[in-house]
Amino acid sequence: MEDIKVLAALSLACLLSFASCLPEYCGRDADSDHEPNVVPKVAGFDLKQVSVVIRHGDRTRAGYSGPCWDNDEAVWDCLLTSSSLPAIKHDQHFQTIDRVYRKVYMEDHEPMQGDCALGVLTFKGYKQQELNGQTLRNLYVKSGFLKQNYSYTDIYVRSDDESRTMQSAQSLMLGMYPPSTIMSDRTHVLDINTRDQTFDNIEPNARLCPKLSEYNRDFLKSPEWQNHYNSVVKPLLEEVRKAIGVNRSLTMENLQDLVDCVHTHQCHGYEIPPGITDSLFQRMVNEVLYFWNSQYRYPSIQQFAKAGIGFLVNDMWQAMQKIMEGKGKKFLLYSGHDLTLGTLLMAFNISEGKWPPYASMFRLELYQNTAAAQQNSKQQESFAVKVIYNDQERKLPFCDASPCSMAQFEKYVNSIIPKDPETECKVSDPEVLRHPLKLLRHMMYEWM
């Protein structure tokens, strides 16, 4: 009887609040208020720098190998779009506005029903990041750590060159620094630093480090993966094939696309095939996570990180060193993907093996002993580091405590960042270079 009452209560809660019934993957409710649990305060220490790494907010499906399934009735309405204008100079921080140009996706000319492209940020995702910005404003602006008005001398914003990460950075900064003054003909310019995808390091990139392609091949050929694939994945693929009613065989790549389809449909309340039960879908998710997380540890956590996310960690480490020398930016934002956060958490050995939800946030805070700070000391031993992921402080396993002493943090960071990429990223088998892996999320399966 009690179980029935609990189920009834949950059902009523779902009816009253759709967001309360969404999977964890969907991220925080864009309409909710949130007070952070972990404030930037450590007894005896002064905050000196904050590096924030985010996953973009809610999006439409990203991969495409055809329709999600037969008779998919989801219609995607992209209320969110982008406006821009050409800018000539890179050193001006105010700009006169005469006209802006808006990008509009043509209705019923996209891979999905509606007017949305693949993998674009939704309005819900935009609002999720605006809430993240408001949280950061409460933590770092209202506390007096950062200036009350945006200052390009203190803040650095970085994103890869995809619309969902760019817009996520924009909406977060809007929440963190809402415009205080409306000017009729001039507007403030906030730089978002990016790189061409060819050599971007916001996520593991085999063009930067071809060793990743070799690790990918060796993992897929490893007895561990081969045995797991034959005993677990192949039967699951056949079960999924029957559940969605297709006649062709499914691959691991198809499974990942289907999981993405179900996630995006769930997050927007669209129907999924009745054959994909909750228990079946959980096993689908578990297998995709097993596939990714096993690679993040292959051949070891440190070796994989050094060839992958270690390039981004190195950028963050260089920024920390600058602030310890008395210069550099106080706040750095990196807007990336689930792969960015998944590999970053694994690199620091604090991953729980879960999928980073939309709009997840990793905060790396740099502190200095108050006495040393008052003496303007630049000795590294006076600094310490604290990590917060989705508002939960995480003790780094290679440290004795949190905050982590700089000596212990530096020692570990040096084991996961590339020191000599030309040598460390060289492949031992030239055959690998015939099958280059552009990005880790564009996984190669032909080795299987």
- request: Could you pull out all residues at least two apart from D260 that satisfy salt bridge (charged side-chain N to carboxylate O under 4.0 Å, His left out)?
  value: R59

query: Is the number of heavy atoms from other residues, nucleotides or ligands within 6.0 Å of CG (N230) greater than 12?
result: yes

query: Can you find a heavy atom in the side chain of L312 that is under 4.5 Å from one in the side chain of L344?
result: no

message: Taking the side chain as everything from C-beta on, heavy atoms only, tell me whether M252 gets closer than 4.5 Å to L236.
response: no

- request: Identify the two heavy atoms, one from V120 and one from S163, that lie closest to each other, and give their separation to 0.1 Å.
  value: CG1-OG, 4.0 Å

message: Quick check on E24: does its CD atom have over 12 non-hydrogen neighbours (other residues, nucleotides or ligands) under 6.0 Å away?
response: no

- prompt: Do the non-hydrogen side-chain atoms of F348 and F362 ever get within less than 4.5 Å of each other?
  reply: yes

- line: Here the gap from N205 atom CG to F311 atom CZ, rounded to the nearest 0.5 Å, amounts to 9.0 Å

- request: Look only at the side chain of Y298 and the backbone of L220, and say whether a donor-acceptor pair between them is shorter than 3.5 Å.
  value: no

query: Just wondering, are more than 12 heavy atoms of other shown residues or ligands nearer than 6.0 Å to CD in E238?
result: yes

R283: salt bridge (charged side-chain N to carboxylate O under 4.0 Å, His left out) partners, not counting sequence neighbours: E239

- prompt: Checking T60 side chain against A117 main chain: does a donor-acceptor pair fall under 3.5 Å?
  reply: yes

query: Would a distance-only check, ignoring hydrogens and angles, find a side-chain to backbone donor-acceptor pair under 3.5 Å from T340 to I202?
result: yes

Spacing of R207 atom CZ and L212 atom CG [to the nearest 0.5 Å]: 12.5 Å

field: Flag if over 12 foreign heavy atoms under 6.0 Å of OH, Y412
entry: yes

- request: Could you tell me the separation between the CZ atom of F409 and the CZ atom of F398, rounded to the nearest 0.5 Å?
  value: 6.0 Å

- prompt: Between S168 and G57, is there a donor-acceptor pair closer than 3.5 Å when you use the side chain of the first and the backbone of the second?
  reply: yes

query: So, does S335 use its side chain to make a donor-acceptor pair with the main chain of T165 at under 3.5 Å?
result: yes

task: Hey, could you give me the OG/CH2 distance between S294 and W225, rounded to the nearest 0.5 Å?
output: 7.0 Å

query: Does the pair K211 and D218 meet the rule for a salt bridge (charged side-chain N to carboxylate O under 4.0 Å, His left out), with working shown?
result: CA-CA 11 Å; K211 197 72 175 177; D218 292 348; over 6 Å; no

query: Any side-chain heavy-atom pair from C261 and W69 closer than 4.5 angstrom?
result: yes

Any residue meeting side chain to side chain contact (heavy atoms under 4.5 Å, CB included) with K411, in chain and number order, not counting sequence neighbours: none

statement: Residue set satisfying salt bridge (charged side-chain N to carboxylate O under 4.0 Å, His left out) with R394, at least two apart, ordered chain then number -> E352

message: For D160, run the side-chain hydrogen bond (donor to acceptor under 3.5 Å, both in side chains) check against H56, Q197, H337 and tell me which one passes.
response: H337

query: Do the side chain of E365 and the main chain of L47 share a donor and acceptor less than 3.5 angstrom apart?
result: no

- request: State, without any angle test, whether N132 and Q128 hold a side-chain donor-acceptor pair at a distance under 3.5 Å.
  value: no

task: List for me each residue that meets side chain to side chain contact (heavy atoms under 4.5 Å, CB included) alongside S82, sequence neighbours excluded, and say none if there are none.
output: Q167

- prompt: With no hydrogens and no angle check, is any side-chain donor or acceptor of R363 less than 3.5 Å from a backbone partner on V52?
  reply: no

- prompt: Do you know which two heavy atoms are closest between L121 and R164, and how far apart they sit?
  reply: N-CB, 3.8 Å

Distance, nearest 0.5 Å, that separates OG of S360 from CH2 of W355: 12.5 Å

task: For D191 and K329, run salt bridge (charged side-chain N to carboxylate O under 4.0 Å, His left out): C-alpha distance rounded to whole Å, both residues' side-chain angles, the deciding distance at 0.1 Å, then the answer.
output: CA-CA 14 Å; D191 291 330; K329 306 287 187 180; over 6 Å; no

query: Which residues satisfy the salt bridge (charged side-chain N to carboxylate O under 4.0 Å, His left out) test with E130, sequence neighbours excluded?
result: K127

message: Using 0.5 Å steps for rounding, measure from the CG atom of D338 to the OH atom of Y25.
response: 5.5 Å

query: Just wondering, are more than 12 heavy atoms of other shown residues or ligands nearer than 6.0 Å to CG in N227?
result: yes

query: Any donor-acceptor pair under 3.5 Å linking the side chain of Q113 with the backbone of D72?
result: yes

query: Backbone N or O of D196 within a donor-acceptor pair of the D161 side chain at under 3.5 Å?
result: no

message: How close do G275 and L280 get, counting heavy atoms only, and between which atoms?
response: O-CD2, 3.6 Å

query: For K41, does the NZ atom have more than 12 heavy-atom neighbours from other residues, nucleotides or ligands under 6.0 Å away?
result: no

field: Aromatic ring proximity F331/Y156, centre distance under 6.0 Å
entry: no

field: Under 3.5 Å donor-acceptor, K306 side chain and E424 backbone
entry: no

